[in-house]
Amino acid sequence: MSRMTMIEAVRSAMDVSMAKDDNVVVFGEDVGYFGGVFRSTQGLQAKYGRTRCFDAPISESGIVGTAIGMAAYGLRPCVEIQFADYMYPAYDQITQEAARIRYRSNGDFTCAIVLRMPTGGGIFGGQTHSQSPEALFTHVCGLKVIVPSNPYDAKGLLIAAIEDPDPVMFLEPKRLYNGPFDGHHERPVTPWSKHDLGEVPDGHYTIPIGKAEVRRVGSAVTVVAYGTMVHVALAAAEDAGIDAEVIDLRSLLPLDLDTIVNSVSKTGRCVVVHEATLTSGFGAEVAALVQEHCFYHLEAPVVRVAGWDTPYPHAQEWDYFPGPARVGRALVEVMEA
């Protein structure tokens, strides 16, 4: 076991996968010689050569379209969109082509691609480097959507994604790259080297796609979160002194509904937390499912805590960002309802 940041864990996952399968290729903007804007691919080109780790033109649609063709040919591309905010030019290729190949071909072809993209805010990136577009993918049949919250999960889930026969959107919360940020921006960030989930096996392992993890056991209220918000939810429960059960979804599509239902049936209350804007965010889907499956167990309405329905505001980042104070107020609200 090594101590790794999330960046190092992601890199290790690609390294292990490239060593195991010659059909795995890595490409995207600046991922080759430069090693990626966050250094997630550093050293891979030197180790595997320019035919297996290479730079692509600044054309997200071209990157994804090329990856789809490679996958149809039998390769397994793991491509990087430099920021999730830049995926929009490729949205047509993702949703109209990659997501439908298995369906359109009646199973004769699959599309074994992974689209890695740094997501989320908390880095003063402004409106074009802070978006959380996961709900735009969970609405599309044929895609799988993963959002890890720690290095251990990031490596195991990325290897599983690369080995999966279908297209996987792999969203990496960039605020977690170097430590488990809990939303207390005024405090120093604890590095992954001092966190249990910073311990990552060096070799090959996988984590099943579609299986959530209970990060904190509790009996008073269920908090459903993913990515950075898992750590915010843990901090909020601690700060508020509420016996909350915190679920880390890890995989949004497929969704581990059983874990959510079992928890809410026990606690009778539910708060859903995500960074993306509130309206039509993934939290709305979770809230609807909880209402459908846990109605007779609920002691209070399901509450969502999310970003504002505005473009990401650079000047008011910490008001927009769902921090422990906002989540804590929601926990108190459902407990008093």
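No hydrogens, no waters, no symmetry mates; every other heavy atom, side chains included, goes into these values.
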(request) Give the intermediate values and the outcome of ring-ring contact (aromatic ring centres under 6.0 Å, His included) for residues His195 and Tyr152. (result) CA-CA 11 Å; His195 193 282; Tyr152 179 84; over 10 Å; no
(request) Go through the steps for Tyr91 and Glu60 under the test side-chain hydrogen bond (donor to acceptor under 3.5 Å, both in side chains), then give the verdict. (result) CA-CA 9 Å; Tyr91 194 69; Glu60 287 77 17; over 6 Å; no
(message) Go through it in stages, so that I can follow the logic: the residues are Asp202 and Ser2, the test is side-chain hydrogen bond (donor to acceptor under 3.5 Å, both in side chains), and I'd like the CA-CA distance, side-chain angles, deciding distance and then a yes or no.
(response) CA-CA 6 Å; Asp202 294 316; Ser2 298; 2.4 Å; yes
(request) Go through Thr5 and Asn178 one step at a time and tell me if the side-chain hydrogen bond (donor to acceptor under 3.5 Å, both in side chains) criterion holds. (result) CA-CA 5 Å; Thr5 65; Asn178 293 306; 4.6 Å; no
(request) Assess whether side-chain hydrogen bond (donor to acceptor under 3.5 Å, both in side chains) is satisfied between Thr267 and Ser219, documenting all intermediate values. (result) CA-CA 5 Å; Thr267 65; Ser219 60; over 6 Å; no
(request) Test Phe83 against Phe38 for ring-ring contact (aromatic ring centres under 6.0 Å, His included), laying out the working first. (result) CA-CA 10 Å; Phe83 288 86; Phe38 292 103; 5.5 Å; yes
(request) Output, in order, the C-alpha distance, side-chain angles, deciding distance and verdict of ring-ring contact (aromatic ring centres under 6.0 Å, His included) for Phe321 and Phe181. (result) CA-CA 12 Å; Phe321 192 92; Phe181 181 65; 5.8 Å; yes
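Between Asp55 and Arg50 there is no salt bridge, since none of the side-chain N atoms of the basic residue sits less than 4.0 Å from a carboxylate O of the acidic one. Residues Lys20 and Glu163 are paired through a salt bridge, judged by an N-O separation under 4.0 Å between the basic side chain and the carboxylate. Glu299 has no carboxylate O lying under 4.0 Å from a charged side-chain N of Arg269, or vice versa, which leaves the two without a salt bridge.
Listed here is the closest heavy atom pair of Thr259 and Ile247: O-CD1, 3.7 Å. For the pair Asp85 and Gln127, the tightest heavy-atom approach, listed with the atom from each and the gap, is OD2-O, 3.6 Å. Here the closest heavy-atom approach between residue Ser263 and residue Glu245 is recorded as OG-OE2, 2.8 Å. Smallest separation of non-hydrogen atoms from Ala135 and Ser280: CB-O, 3.7 Å.
Put simply, Val168 and Ile159 are part of two different groups of oily side chains (I, L, V, M, F, W, Y) that touch within less than 4.5 Å, one to the next. Residues Val334 and Ile242 share a hydrophobic cluster, clusters being chains of Ile/Leu/Val/Met/Phe/Trp/Tyr side chains in contact below 4.5 Å. Under the 4.5 Å side-chain heavy-atom criterion for ILVMFWY residues, no single connected hydrophobic cluster contains both Val223 and Leu278. Ile68 and Leu115 fall within a single hydrophobic cluster, where Ile, Leu, Val, Met, Phe, Trp and Tyr side chains are chained together by heavy-atom contacts under 4.5 Å.
No donor-acceptor pair closer than 3.5 Å links the side chain of Ser40 to the backbone N or O of Gly36. Judged by distance alone, the side chain of Arg52 and the main-chain N or O of Val24 form a donor-acceptor pair under 3.5 Å. When atom types are taken as modelled, the side chain of Asp256 and the backbone of Ala212 share a donor-acceptor pair closer than 3.5 angstrom. A donor-acceptor contact shorter than 3.5 Å links the side chain of Ser130 to the backbone of Gly126.
The aromatic rings of Tyr86 and His129 sit perpendicular, their planes meeting at an angle over 60°, well past the 30° parallel limit.
Atom NE2 of His185 is surrounded by more than 12 heavy atoms from other residues, nucleotides or ligands within 6.0 Å.
Both the sub-6.0 Å distance and the 45° axial angle are satisfied by Arg39 relative to the ring of Phe34.
Under 3.5 Å, the side chains of Tyr48 and Asp15 contain a donor-acceptor pair of N or O atoms.
Counting only heavy atoms from C-beta outward, the side chains of Gln131 and Glu275 never approach each other to under 4.5 Å. You'll find the side chain of His204 reaches within 4.5 Å of the side chain of Thr206, heavy atoms only.
No option in Val147, Leu136, Val145, Leu249 other than Leu249 meets the side-chain contact (heavy atoms from CB on, under 4.5 Å) test with Phe282. With respect to Asp153, the side-chain contact (heavy atoms from CB on, under 4.5 Å) criterion is satisfied by exactly one of Leu158, Asp248, Leu197, Val200: Asp248.
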